[in-house]
Novice: 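A single structure is presented below for examination.
Throughout, protein chains are lettered first and strands after them, A, B, ... in sequence-line order, and every chain is numbered starting at 1.
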Number of protein chains: 2
Amino acid sequence: MSYTISQVAQRTGLSIHAIRYYDKEGLLPFVDRHNGTRVFQEQDIDWIDLICCLKKTGMPIKDIRTLIQHCMDHDAVLDKGLEILARHRENVEEQLKELQRSLDTINYKIKHLPRMYKEKFSAEAVGSAN
Amino acid sequence: MSYTISQVAQRTGLSIHAIRYYDKEGLLPFVDRHNGTRVFQEQDIDWIDLICCLKKTGMPIKDIRTLIQHCMDHDAVLDKGLEILARHRENVEEQLKELQRSLDTINYKIKHLPRMYKEKFSAEAVGSAN
DNA sequence: ATAAACGATAGAGTGAACTCTAGGTCAACG
DNA sequence: CGTTGACCTAGAGTTCACTCTATCGTTTAT
């Protein structure tokens, strides 16, 4: 079973434009062509899913390209590809902690917003009374 | 105690340029001026901390401006400001879940990368044998 | 009194990641 | 045989959030 670009767009949630852009940027070197038209296989979609996941977790396109290029290189895949992914996993774990801290801060600020607000206006009242 | 823009930059980790940019974008309507020079109070830094937190959690600048403007409006603060923050908190909770899902996916992909890689090259071997 | 240090503004430039447009190819259908 | 519809490329345009530059004003120390 193979897929057209619009079917892949449907399945992945990416726009057709974005897929072509990713290809142009070297993220999809594994995609076959038929008369110039891209023909996607099931496993290509697995790779695109990985790309989407890396994007969602903030990996820039040039880093994804590096990873993909390593993975297309027979000898280096287990070494360099896995190394990059493992490093990114740590990064995502840090993002999780940071996001949790931010959530705590937001909760704190929600609790104290009335006070912050009050203090600011008291200060301004003093200021304008001067 | 009051602070200059460079002291605020130090304390918040923002660049001086970014602080001025935020001011220009209407995020810091509460900052006083002395002879045109910005003078920051302690509670202004509390507001800037909130702004940083909202930015880190993906709120765009125009939405932060809307929130701040509501909070500078006496009558609406508890209603609209808290409402926006509460909605954003739900958003951040969803981000946390999504990030956790992405981490799971990355772990899964790390486990299966050797297989994805192998299948891709098998497929290409078949293709080039045709 | 003048130079250094720090502050200000306006506006141009940057980089990332798309998004859109124009113009073209190709296979299938009536 | 022509027209639709889906695909293609090259490249221009857009948005966001800064970042940088040029130029100017104000304190402060020597």
Novice: Can you tell me the distance, in whole Å, between the CG atom of L28(B) and the C1' atom of dA17(D)?
Specialist: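 So the CG-C1' distance, L28(B) to dA17(D), works out to 15 Å.
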Novice: Using a heavy-atom cut-off of 4.0 Å across all strands, would you classify R20(A) as base, sugar-phosphate, or nothing?
Specialist: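 It contacts base atoms.
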Novice: If you measure from the Lys or Arg side-chain nitrogens to the Asp or Glu carboxylate oxygens, is any gap between R101(B) and E98(B) under 4.0 Å?
Specialist: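 Yes, R101(B) and E98(B) are salt-bridged.
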Novice: Answer with yes or no whether the side chains of Q95(A) and N91(A) bring together a donor and an acceptor at under 3.5 Å.
Specialist: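 Per modelled atom types, N91(A) and Q95(A) side chains form a pair under 3.5 Å.
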Novice: If you check the I16(A) side chain, which of dC7(D), dT19(C), dG7(C) turns out closest?
Specialist: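 Selected nucleotide: dC7(D).
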Novice: Taking the side chain of I61(A) as its heavy atoms from C-beta onward, which of dC7(D), dC8(D), dC18(C) lies nearest to it?
Specialist: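 Minimum distance to the I61(A) side chain belongs to dC18(C).
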Novice: Check whether any side-chain nitrogen or oxygen of R38(A) sits under 4.0 Å from OP1 or OP2 of dT9(D), and answer yes or no.
Specialist: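 Result: yes.
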Novice: Under the 3.5 angstrom rule, does the side chain of R65(A) hit a backbone N or O of E25(A) as a donor-acceptor pair?
Specialist: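 Yes: the side chain of R65(A) pairs with the backbone of E25(A).
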Novice: Between dG7(C) and N35(B), is there an OP1 or OP2 to side-chain N/O distance shorter than 4.0 Å?
Specialist: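 Result: no.
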Novice: Would you kindly give the CD1-to-P distance between I51(B) and dC18(D), to the nearest whole Å?
Specialist: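 So the two atoms are 11 Å apart, to the nearest Å.
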Novice: Between Y21(B) and dC16(D), does any side-chain N or O lie under 4.0 Å from OP1 or OP2?
Specialist: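 No, outside the criterion.
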Novice: Atom NZ of K24(A) to atom C1' of dC20(C): distance rounded to whole Å?
Specialist: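 In whole Å, dC20(C) C1' and K24(A) NZ are 11 Å from each other.
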Novice: Any side-chain N or O of R33(B) under 4.0 Å from OP1/OP2 of dT9(C)?
Specialist: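 Checking dT9(C) against R33(B), a side-chain N or O does come within under 4.0 Å of OP1 or OP2.
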Novice: Rounded to whole angstroms, how far apart are OH on Y3(A) and C1' on dC7(D)?
Specialist: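 Answer to the nearest Å: 19 Å.
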Novice: Do I64(B) and Y108(A) sit in the same hydrophobic cluster, where Ile, Leu, Val, Met, Phe, Trp and Tyr count as joined when their side-chain heavy atoms come under 4.5 Å apart?
Specialist: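 No, because I64(B) and Y108(A) fall into different hydrophobic clusters, even though each may have its own neighbours under 4.5 Å.
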Novice: Between dT15(D) atom C1' and E25(B) atom CD, what is the distance in whole Å?
Specialist: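 Rounded to whole Å, this separation is 12 Å.
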Novice: Describe the nucleic acid contact of K55(B) in one word from base, sugar-phosphate, nothing, applying a heavy-atom distance below 4.0 Å.
Specialist: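 Sugar-phosphate, no base atom in range.
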Novice: Using whole Å, what does the distance between atom C1' of nucleotide dT9(D) and atom CD1 of I5(A) come to?
Specialist: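 These atoms are roughly 12 Å apart.
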Novice: Please state how far atom CG in D23(A) lies from atom C1' in dC8(D), giving the value in whole angstrom units.
Specialist: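 Result: 11 Å.
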Novice: If you assign each of H17(B) and S6(B) to its closest nucleotide in DNA chain C, which residue comes earlier from the 5' end?
Specialist: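 It is S6(B) whose nearest nucleotide is closer to the 5' end.
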Novice: Is the phosphate of dC18(C), meaning OP1 or OP2, less than 4.0 Å from a side-chain N or O of S15(A)?
Specialist: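 No, because none of the side-chain N or O atoms of S15(A) sits under 4.0 Å from OP1 or OP2 of dC18(C).
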Novice: Tell me the interatomic distance from L14(A), atom CG, to dA17(C), atom P, rounded to whole angstroms.
Specialist: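 Rounded to whole Å, this separation is 14 Å.
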Novice: Should we say atom CD of Q7(B) is surrounded by more than 12 heavy atoms from elsewhere, each under 6.0 Å from it?
Specialist: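 Yes, enclosed.
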Novice: Nearest to the T37(B) side chain among dA17(D), dA17(C), dG7(C), which nucleotide is it?
Specialist: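 The nucleotide sitting nearest to the side chain is dG7(C).
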